[in-house]
Amino acid sequence: MDFNDTPQEAEFRKEVRSWLDANAPKHLEPELKRASFGSNGLESEDPIKASKAWQKKKAEAGWACLHWPKEYGGGARSAMERVIWSQEEGPYAVLSGLFTIGHGMCGPTVMEWANEEWKEKLLPPLASGEEVWCQLFSEPASGSDLAGLRTKAVKADDGSGDWIINGQKIWTSGAQNSDWGLLITRTDPDVPKHKGLTMFFLRMDSPGVKVVPIRQANGASGFNEVYFDDVRIPDDQRLGDVGQGWKVSLTTLMNERLSIGSGMSTGFPELFKFCMDMEIDGEAATADSGVRSKLAQFAVKQSGLKYTGMRAISALSKGETPGPENSIGKLVAGATMQELAMYALDLQGEAGVVWNEDSPQNGRFQAMLMRSPATRIEGGSDEILRNIIGERVLGLPGDIRVDKDVPFKEIPTSGKAKA
């Protein structure tokens, strides 16, 4: 791999730095640098307004959704130029968190599966930050088995062609701030579970949609329950054919794991600085061989993540599409974040149970620990990612699926499975 910019890439990087230097909201930089997991750190301004303002400014200058076509509000730039932008945006990228799901997951799905009229209507306001999207996939009864979902979509009996939706979704990130949602439903319970699904998109203020924020252990409410009570969706808001929802969802999931894995921090630089600054029994923490050994272990993982990510960047530079190996980044980063946070709190001793502005690193390690379990579930749990890596990267045999050819309605939901 060649880690150096080509002359064209170097010129583009210079252009990006120049624009950021002249236009970035520098008055927010100190707060953004203190951002912790689950919060962008803003207290001086409304976080949502600040995020939308920054996204709008980028869009007006042609820096929004760099990889999207211009007709959909993007910059029509190369994949490598997109990578360079993400490297240079620095702390201001925190403001883009509100749009991660829309830009990284929902937008690409709409772009691939919607008709041209809907693309032209939906994508530009998404790219510019005027509208926010969420992903309505997970359900209480299905866990990591997305194909086990039970939210029903049936044709209205009034001959309109509309669909009537009833059911519940859970762990929906950002639903309370979203204008639109990407919704996967079950339209046919008489076929195997992967074959009876259909994908839609809908306004989140549609009659019958109820969003209930979930209070998390870290005090935030980034996740939500979403209920559907006789929600009506026109048929032209369907993505793909009826029963093709699983295929459509794979577009979303592929982009989801790439988006989450590529941007996930482990917190190692913060831990290293913390250890350099703190003392144990009157001596620098790094004088302790146990601390040095632990830092070395984390450094090795951090380095592995960096160069695994570089493989994806190298593939992009050659015009290739990164594949299932990107699941490695999320799997390792999520577990490392949790382990690192626990170690940092161990070093703090009794002070580690206190979480306020006086905590080391502004309470970053406490925030990491409280948020890390969610990172190991969202976008595919550790177990799902291991299956993907084992089957699609290493070529190992797939899991045995006893429900593969069983109609969904005949799959037992409780008690002993049928013989």
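All values derive from a computational prediction rather than experimental measurement.
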Closest contact, heavy atoms only, Leu197 versus Ala147: CD1-CA, 4.2 Å

Okay, side chain of Thr308, backbone of Leu305: is any donor-acceptor separation there less than 3.5 Å? no

Gap between atom CG of Asp241 and atom OG1 of Thr187 - 0.5 Å precision: 11.0 Å

First locate atom CZ of Phe298, then atom OG of Ser303, and finally report the distance between them rounded to the nearest 0.5 Å. 15.0 Å

Side chains of Glu81 and Val16, heavy atoms from C-beta outward: is any pair under 4.5 Å? no

Looking at Glu225, Gln176, Gln168, which hits side-chain contact (heavy atoms from CB on, under 4.5 Å) with Val212? Glu225

Ionic contact status for Lys294 with Glu339, cut-off 4.0 Å: yes

When you measure from the centre of the six-membered ring of Trp163, is the NZ or CZ of Arg232 under 6.0 Å away and within 45° of the axis? no

Drop me the distance from Asp145's CG to Ser381's OG, to the nearest 0.5 angstrom. 10.5 Å

For a salt bridge (charged side-chain N to carboxylate O under 4.0 Å, His left out) with Lys409, tell me which candidate from Asp403, Asp190, Asp188 qualifies. Asp190

Would you say Thr172 and Phe223 make side-chain contact, with heavy atoms under 4.5 Å? no

Hey, does the side chain of Thr109 reach the backbone of Met105 with a donor-acceptor pair shorter than 3.5 angstrom? yes

Under a plain distance cut-off of 3.5 Å, with no hydrogens placed, do Glu89 and Trp85 share a side-chain donor-acceptor pair? yes

Is it true that a side-chain atom of Ser128 and a backbone atom of Lys56 form a donor plus acceptor pair closer than 3.5 Å? no

Under 3.5 Å donor-acceptor, Thr198 side chain and Gly243 backbone: yes

Show, in sequence, the C-alpha distance, side-chain angles and deciding distance for Asp230 and Asn166, and conclude whether the side-chain contact (heavy atoms from CB on, under 4.5 Å) test is met. CA-CA 5 Å; Asp230 289 336; Asn166 283 281; 2.9 Å; yes

Lys/Arg N to Asp/Glu carboxylate O, Glu29 vs Lys33, below 4.0 Å: yes

Ignoring hydrogens, what is the shortest heavy-atom contact between Ser86 and Val83? Give both atom names and the distance. OG-O, 2.7 Å

Mark yes or no for whether Ser372, through its side chain, and Leu369, through its backbone, hold a donor-acceptor pair below 3.5 Å. yes

Which atoms form the tightest heavy-atom contact between Leu28 and Ala50, and what is the distance? CD1-CB, 4.3 Å

State whether the number of non-hydrogen atoms from other residues, nucleotides or ligands found under 6.0 Å of Trp171 atom CH2 is greater than 12. no

Crowding at CD, Glu117 (>12 non-hydrogen neighbours, <6.0 Å): no

Check whether any side-chain heavy atom of Phe137 sits under 4.5 Å from a side-chain heavy atom of Leu149, and report yes or no. no

Could Asp382 and Lys330 be called an ion pair, given the rule that one side-chain N must be under 4.0 Å from one carboxylate O? no

Beyond-backbone contact of Leu126 with Val110, side-chain heavy atoms, under 4.5 angstrom: no

Please report the C-alpha distance between Phe200 and Leu239 in whole Å, then the side-chain angles of each, then the deciding distance to 0.1 Å, and finally whether the side-chain contact (heavy atoms from CB on, under 4.5 Å) criterion is met. CA-CA 6 Å; Phe200 300 92; Leu239 295 176; over 6 Å; no

Please state whether the rings of Trp118 and Phe201 are parallel, tilted or perpendicular, taking 30° and 60° as the class boundaries. perpendicular

Going by the angle between their ring planes, with limits at 30° and 60°, are Trp180 and Trp133 parallel, tilted or perpendicular? parallel

Here the pair of heavy atoms bringing Val211 nearest to Ala175 is CG1-CB, 3.9 Å

Is there a side-chain contact between Leu183 and Val231 in this structure, where contact means two heavy atoms from C-beta onward sitting under 4.5 Å apart? no

Residue pair Met342 / Gln338, side-chain heavy-atom distance below 4.5 Å: yes

Pairwise distance OG1(Thr100) to CD(Gln135) - rounded to 0.5 angstrom: 12.0 Å

Around atom NZ of Lys155, are there more than 12 heavy atoms of other residues, nucleotides or ligands at under 6.0 Å? yes

Any donor-acceptor pair under 3.5 Å from Asp229 side chain to Gly208 backbone: no

Could you check whether Arg401 pairs with Glu391 (Lys NZ or Arg NE/NH1/NH2 to Asp/Glu carboxylate O, under 4.0 Å)? no

Side-chain ion pair, Arg203 and Glu131, N-O less than 4.0 Å: yes

To the closest 0.5 Å, what do you measure between CG (Leu95) and OG (Ser51)? 4.5 Å

Between Gln55 and Glu130, is there a donor-acceptor pair closer than 3.5 Å when you use the side chain of the first and the backbone of the second? no

Flag the pair Gln244 / Trp113 as yes when at least one side-chain heavy-atom distance between them is below 4.5 Å, and no otherwise. yes

So which atom in Asn23 and which in Lys57 form the shortest heavy-atom distance, rounded to 0.1 Å? O-NZ, 3.4 Å

Any ion pair linking Arg150 and Glu139 (charged N to carboxylate O, less than 4.0 Å)? no

Whether the side chain of Lys119 engages the backbone of Met111 through a donor-acceptor N/O pair (distance < 3.5 Å, no angle test) should be reported. yes

Look at the side chain of Lys169 and the backbone N and O of Ile184, then say whether any donor-acceptor pair between them is shorter than 3.5 Å. yes

Would you say the side-chain atoms of Glu410 pair up with the backbone N or O of Pro407, donor to acceptor, closer than 3.5 Å? no

Classify the ring geometry between Phe268 and Phe272 as parallel (under 30°), tilted (30 to 60°) or perpendicular (over 60°). tilted

Minimum heavy-atom separation for Cys134 and Ser173, please, with both atom names. CB-O, 3.7 Å

Assess whether side-chain contact (heavy atoms from CB on, under 4.5 Å) is satisfied between Trp63 and Arg77, documenting all intermediate values. CA-CA 9 Å; Trp63 298 110; Arg77 299 281 191 168; 4.3 Å; yes

Heavy atoms, side chains only, cut-off 4.5 Å: are Glu45 and Glu31 in contact? no

Dump the intermediate steps for side-chain contact (heavy atoms from CB on, under 4.5 Å) on Leu136 and Leu202, then the final yes or no. CA-CA 10 Å; Leu136 299 156; Leu202 81 161; 3.8 Å; yes

